[in-house]
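Basis for what follows: all heavy atoms, side chains included, without hydrogens, waters or symmetry-related copies. Residue numbers begin at 1 in each chain, while the letters A, B, ... track the order of the sequences.
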Number of protein chains: 2
Amino acid sequence: MLDSGAAPKFNRPSMPRVTLAHVAERAGVSTATASLILSGREEYIKQFRPDTVEKVRRSAKRLGYRANLFAAGLPTKAPAFFVLVIRDFGGRQDIHDWHLWAFEGNLLAGAVRLAASEGLYPIVATINPDAPDAGVASAKRIVTGGVMGAIVRAQNPPLEKWLREQLHLGYRIVVVFPDQISNWPQNAIIADNLLIGTSAGRLLAASQCKRWGLVRYKQRTTREPHQLRIRGIEDTARQAGASFEVICLPPPPQKPTDRDLARLAKRDFDGLFALDSVLSVNTLQACRRVGLKPGEDISLVGVNCSQWHGPAMPSITSIDVSWSEVGRTAMQQLIQLSHDHQYLFESILIKPQIAPGATCPVPEEMLSDKTGSA
Amino acid sequence: MLDSGAAPKFNRPSMPRVTLAHVAERAGVSTATASLILSGREEYIKQFRPDTVEKVRRSAKRLGYRANLFAAGLPTKAPAFFVLVIRDFGGRQDIHDWHLWAFEGNLLAGAVRLAASEGLYPIVATINPDAPDAGVASAKRIVTGGVMGAIVRAQNPPLEKWLREQLHLGYRIVVVFPDQISNWPQNAIIADNLLIGTSAGRLLAASQCKRWGLVRYKQRTTREPHQLRIRGIEDTARQAGASFEVICLPPPPQKPTDRDLARLAKRDFDGLFALDSVLSVNTLQACRRVGLKPGEDISLVGVNCSQWHGPAMPSITSIDVSWSEVGRTAMQQLIQLSHDHQYLFESILIKPQIAPGATCPVPEEMLSDKTGSA
DNA sequence: AATTGTAAGCGCTTACAATT
DNA sequence: AATTGTAAGCGCTTACAATT
């Protein structure tokens, strides 16, 4: 299929780039003059004679001149690039992995929209959480490779540890959704996980639920974000005088088994809270499989799953964290730090938003507190 | 919420970077020696005395030296960066837009995995198709800003025209999924749209369908990729002696109306082919709404929707194009061009794969031809 | 011959000097 | 005073010269 080099017309060597020197020479001025004029900054341009400005601009246009952005950044010590480290989801064709890309995409979009307005470009590195050290080296290299700063979607303890070291060496790093929250009093953008839990609890309480079930993964160690969510709903359960029990489902590659479903089928619960997006969808699915109808005979509140609903399924009432808002906030901080020539800021909590769905009604008064960012 | 600058510890100025000169000085050698040794290339290192090598490495480690990748690329004229232009899906909270990020993510992943092995980093620019000229300038600037090359997810005719101009100026550009296929005999990675259509047709024919319906958008102009898919299935219908009619659904922001559904409800069809991913999902949804059960009383073949199925819905039998394969192929070509110091190659067709689902059976013999790339 | 340094240069920016 | 050029420098690489 590939036929490169066969036909002569595919053998054309790539032309040498047009440089500022070419433009200057053709316009009969020095490179300094050309540079100043092409900078586009009025304070520079106005000190040249109009016909000189014209000459230079014409020459640049004529030759198709484009500044080399890498060279341009060197003298000013203000690189036009920042790093964005996101997750790669292996080559696995798992449907959940595939969808998770949408979160990363929104994070990227949030950051990039702001960056563009500052003339900043993102260099994207991906890290596959399953491949501990493989692709990480390349990401590390670029984070410390002379960029203006880095926004890193944290992935695992070793990476977070390295990031903290680099941060205190003076690299401008903003961490997004760290796992070990308590280690990040500085430079992190964190979802308000406690509020996620209490919000879910308030929804279940408002629906008069009395027998709450918390759906989580069966794992030895529970990560801090989930712990906080659990604490949030536990507190609310206590206040609401509801019973509170835990249901475990297997982590992503696996699907819930009949044994997992049995617990649900006993109908001990009238309200469920699923800790994350995949759990939420799996819980909805599991309920339907055992004949439960969330929204009718049981309430279900999920997390980050408002975008998830399949056509014939009820939409899940969801406590959402806006990934694009997180991306934007991270970028905002990076820009601020850069302007201030600093590298530390106090970590920021992002408030979740309640996205009403069919699986649990949302009282009017809870709909108002949708905002949360500065 | 943000408290930057308040506590004194957030006021630490970012430290100046450690440069090669620092490392060299501390090791008592010239920058040339330090550079050669830290290049990591055996042919350079072996010509130095072992203790010199040690001195330099220790000094670099001691000072926490990281090479500035932008400066490093200048002298060699082999920049370590390429551009990847993908789509941005506005701020719209449309569920389809949200999911479409997953495609862009897979495209990115495909390219980046290969790039990493060559030490290449992607600079990502996004273009919002709805904002014609707004963000485009920034993307154009970086594409011609001194990178090794660019992979561009084509978006619209004006952009494609500009890309073709730049290509013939000598910029290394690989276009992905162009709209105006016939304008891209060179430097494009294109889905084999004709084969998508004929594959769908063969599936419907194999299911003994006789009254085929083609589901497309109602628009004045039909874009070339869709035209080819239509031609593919039309040809197959003729060969199979099936009738062939068109059903129109409204484009993405809108949902199918009752009037749109009426056509389906008349049950004139026993086989449907939906032209793209959004149409496929909408068609499945529409069928269910009028009481049709795809897979039982009607066959449905979609495009790029195998990952889409909601829990309680049948999975759609889909003709898929692997976006990560497309990304990988584009990257492969870029690397090849760079090695050969060329900038043109013959456009490459990517064969689709048949992903069996519940809405239309797939004969054994059609499952084999899953591969397609070099 | 083995080992290292000198120097030029990548493409740009900007302070400052020099010219009219 | 208005206009432009000179020169140094950003941080690096690599051909080549120079030293032992």
Side-chain angles (χ1 to χ4, degrees), chain A residues 16-56 59-60 63-81 119 141-142 144-148, chain B residues 16-56 59-60 63-81 119 141-142 144-148:
Chain A
R17 276 183 71 82
V18 175
T19 69
L20 191 66
H22 296 139
V23 174
E25 191 190 25
R26 197 174 193 290
V29 301
S30 71
T31 58
T33 298
S35 174
L36 257 14
I37 288 174
L38 294 177
S39 75
R41 294 166 64 176
E42 197 42 49
E43 67 263 40
Y44 288 154
I45 296 173
K46 69 163 181 245
Q47 62 187 31
F48 290 95
R49 297 212 325 260
D51 64 308
T52 307
V53 174
E54 255 320 294
K55 265 192 312 188
V56 170
S59 168
L63 299 175
Y65 171 71
R66 310 281 162 166
N68 181 322
L69 292 176
F70 305 113
L74 267 193
T76 66
K77 294 195 169 196
F81 302 93
R141 183 128 191 278
I142 181 67
T144 54
V147 296
M148 169 269 210
Chain B
R17 277 183 69 84
V18 174
T19 69
L20 192 65
H22 295 140
V23 174
E25 191 190 26
R26 197 175 193 289
V29 300
S30 71
T31 59
T33 298
S35 174
L36 257 15
I37 287 174
L38 295 176
S39 74
R41 294 166 64 177
E42 197 42 52
E43 66 264 41
Y44 289 154
I45 296 173
K46 68 162 182 247
Q47 62 187 31
F48 290 96
R49 298 215 321 261
D51 63 309
T52 307
V53 174
E54 256 319 295
K55 266 193 311 188
V56 169
S59 167
L63 299 174
Y65 171 72
R66 310 280 161 167
N68 181 321
L69 292 175
F70 305 112
L74 269 193
T76 65
K77 295 195 168 197
F81 302 93
R141 183 129 191 279
I142 181 66
T144 54
V147 296
M148 170 270 211

Residues within residues 32-41 of chain B bordering DNA chain C, heavy-atom distance below 4.0 Å: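 Correct list: B:Ala32, B:Thr33.
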
[X] [atom1] to [N] [atom2], straight-line distance once rounded to whole Å:
{"X": "A:Arg17", "N": "C:dG11", "atom1": "CZ", "atom2": "P", "answer": "9 Å"}
{"X": "B:Glu25", "N": "D:dG11", "atom1": "CD", "atom2": "P", "answer": "14 Å"}
{"X": "B:Tyr65", "N": "D:dT13", "atom1": "OH", "atom2": "C1'", "answer": "10 Å"}
{"X": "B:Arg66", "N": "D:dG11", "atom1": "CZ", "atom2": "P", "answer": "17 Å"}
{"X": "A:Asn68", "N": "C:dT13", "atom1": "CG", "atom2": "C1'", "answer": "13 Å"}
{"X": "A:Gln47", "N": "D:dA1", "atom1": "CD", "atom2": "C1'", "answer": "12 Å"}
{"X": "A:Leu20", "N": "C:dT13", "atom1": "CG", "atom2": "C1'", "answer": "9 Å"}
{"X": "B:Lys77", "N": "C:dG11", "atom1": "NZ", "atom2": "C1'", "answer": "9 Å"}

Close side-chain approach of [X] to [Y], heavy-atom, < 4.5 Å:
{"X": "B:Phe48", "Y": "B:Thr33", "result": "yes"}
{"X": "A:Phe70", "Y": "B:Val147", "result": "yes"}
{"X": "B:Ile142", "Y": "A:Phe81", "result": "yes"}

Donor-acceptor pair, [X] side chain versus [Y] backbone, under 3.5 Å?
{"X": "B:Ser59", "Y": "B:Val23", "result": "yes"}
{"X": "B:Ser39", "Y": "B:Leu36", "result": "yes"}
{"X": "A:Thr31", "Y": "A:Ala21", "result": "no"}
{"X": "B:Arg17", "Y": "B:Arg66", "result": "yes"}

Kindly point out which of [options] is positioned nearest to the side chain of [X]?
{"X": "B:Leu74", "options": "D:dT13, D:dG9, D:dG11", "answer": "D:dG11"}
{"X": "A:Thr19", "options": "C:dG9, C:dC12, D:dT3", "answer": "C:dC12"}
{"X": "A:Phe48", "options": "C:dC12, D:dT14, D:dT4", "answer": "D:dT4"}

Which atom of B:Thr19 lies closest to which atom of B:Tyr65, heavy atoms considered: C-CE1, 3.5 Å

Closest non-hydrogen atom pair between A:Val56 and A:Ala27, with its separation: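 What the structure gives for the nearest pair is CA-CB, 4.0 Å.
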
Intra- and inter-strand pairs of DNA chain D in dot-bracket (Watson-Crick or G-U wobble, both distances under 3.5 Å; | for another strand): ||||||||||||||||||||

Pair A:Val29-A:Ile37, side chain to side chain contact (heavy atoms under 4.5 Å, CB included): steps then yes or no: CA-CA 11 Å; A:Val29 301; A:Ile37 288 174; over 6 Å; no

Short side-chain N/O contact to C:dT4 OP1/OP2 from B:Arg49, under 4.0 Å: yes

N or O in side chain of B:Thr52 less than 4.0 angstrom from C:dT3 OP1/OP2: no

Most 5' of A:Pro50 and A:Thr31 on DNA chain D, judged by nearest nucleotide: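 That would be A:Pro50.
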
Sugar-phosphate, base or nothing in reach of A:Ser30, heavy atoms under 4.0 Å: base

